[in-house]
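Structure first, commentary second.
Here the structure is a predicted model, which means the values were calculated and not measured.
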Amino acid sequence: MRQIVIMILMMHLFTECHAQKYISQIPFKYDYSLELLKKQSQMTETGLKNKTVVNDNSENLSDEVLALKEKYSIILAVMPNKITNYKLYSYIDPWLNTPYKEKSFSKKGIDCSYFLQSLYSDVYKVTLPKDPAGMWKSKSIQIFTGRSFLAEGDLVFFRYDKDHPISDVGLYLHNDRILACTDKGLAIYNFNDEYFQLRYIGAGRINEDGKKK
């Protein structure tokens, strides 16, 4: 038994040291150019003859955009290649965790419908009303009720009470994650949560005719 315990401890120590070594070797920057690879590995063209170099940054994105791509692929639990609308996530990112405040659009407090009205104008070049009911009725938006059709950029509408059939609005992202406002502020939530599912009314998608020329 003593030998088994010693062996387990040695394996754990080896694994930990190996992991630390691997982490220390991760490059700080996202530059994986062929020239840099050859320089770091001290390899010549001959040494690379039978090697395959995979370019993970074929779009030549900046470090900032690559970091954003990776961040939201983790948050939304999708592969990084699903994150392609960089303007959308660049717009969302600095506003996350802003407190909720009715009919307001500032860093001190934000109303999701006001935020999405601004986002749609900037990212999608579509002018919408600032209130959820107005968005629902907008000719720029095509309404549908199915949940399986939801795609990135769709508006999702909610009803909180009988006096306000269309009470609030959020933005569908990926993998059943939505951008919405609750008492916790503007954040990314799981659309499958009971809180949203019990209040969901329908969704809206941009009509091509509604886009600015």
Side-chain angles (χ1 to χ4, degrees), residues 18-41 48 51-100 105-107 110 112-126 128 135 141 147-156 169-182 184-193 196 203-206 208 210-212:
H18 183 73
Q20 291 297 326
K21 182 180 179 182
Y22 172 76
I23 291 171
S24 68
Q25 290 175 348
I26 296 177
F28 177 75
K29 282 188 169 291
Y30 290 96
D31 188 354
Y32 292 100
S33 66
L34 180 59
E35 291 304 318
L36 182 61
L37 178 62
K38 289 191 292 185
K39 183 178 180 181
Q40 290 178 340
S41 303
L48 287 171
K51 305 294 188 298
T52 300
V53 179
V54 179
N55 183 6
D56 284 337
N57 187 17
S58 58
E59 297 176 88
N60 293 318
L61 302 175
S62 67
D63 285 353
E64 291 75 13
V65 174
L66 280 169
L68 196 74
K69 188 182 185 82
E70 182 175 351
K71 174 181 177 179
Y72 282 92
S73 71
I74 293 170
I75 291 174
L76 303 177
V78 297
M79 294 297 289
N81 62 6
K82 294 289 186 180
I83 308 299
T84 58
N85 192 341
Y86 311 122
K87 191 170 184 179
L88 171 64
Y89 295 98
S90 295
Y91 193 93
I92 291 172
D93 197 61
W95 290 93
L96 286 182
N97 301 315
T98 301
Y100 169 72
F105 181 40
S106 75
K107 291 291 185 178
I110 197 167
C112 199
S113 62
Y114 278 51
F115 177 75
L116 291 181
Q117 191 264 354
S118 177
L119 181 149
Y120 254 61
S121 177
D122 188 84
V123 176
Y124 297 109
K125 308 305 178 187
V126 175
L128 295 176
M135 292 180 179
I141 299 297
R147 304 181 190 204
S148 60
F149 302 110
L150 286 167
E152 181 189 76
D154 288 345
L155 297 172
V156 284
V169 63
L171 185 75
Y172 188 86
L173 297 174
H174 282 287
N175 196 26
D176 290 331
R177 302 298 192 272
I178 61 171
L179 180 75
C181 267
T182 67
K184 297 178 182 178
L186 184 72
I188 294 173
Y189 299 94
N190 191 333
F191 182 53
N192 292 319
D193 285 351
F196 295 109
R205 182 170 299 164
I206 304 170
E208 290 300 316
K211 293 183 180 180
K212 292 179 180 177

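Lys87 NZ: more than 12 foreign heavy atoms inside a 6.0 Å radius.
Listed by chain and number, the residues in a salt bridge (charged side-chain N to carboxylate O under 4.0 Å, His left out) with Lys82 amount to none (sequence neighbours excluded). Residues meeting the side-chain hydrogen bond (donor to acceptor under 3.5 Å, both in side chains) test with Gln117, sequence neighbours left out: none. Residues meeting the side-chain hydrogen bond (donor to acceptor under 3.5 Å, both in side chains) test with Tyr114, sequence neighbours left out: none. Residues that satisfy the side-chain hydrogen bond (donor to acceptor under 3.5 Å, both in side chains) test with Arg177, not counting sequence neighbours, are absent from this structure. A search for side-chain hydrogen bond (donor to acceptor under 3.5 Å, both in side chains) contacts involving Tyr120 returns nothing, not counting sequence neighbours. Remark: Asp193 pairs with no residue by the salt bridge (charged side-chain N to carboxylate O under 4.0 Å, His left out) rule, at least two apart or across chains.
Taken from CG in Asn192 to CG in Asp176, the straight-line distance is 4.0 Å, to the nearest 0.5 Å. Taken from CG in Leu155 to CG in Leu128, the straight-line distance is 6.5 Å, to the nearest 0.5 Å.
Asp154 places a side-chain N or O within 3.5 Å of a backbone atom of Ala151 that can act as its donor or acceptor partner. A donor-acceptor pair is defined here as one N or O able to donate and one able to accept, closer than 3.5 Å; such a pair exists between the side chain of Asn175 and the backbone of Leu76.
Residue Arg205 comes nearest to Phe149 through the heavy atom pair NH2-O, 2.6 Å, listed as atom of the first residue, atom of the second, then distance.
Under the 30°/60° scheme for interplanar angles, the aromatic rings of Tyr72 and Tyr89 are found to be tilted.
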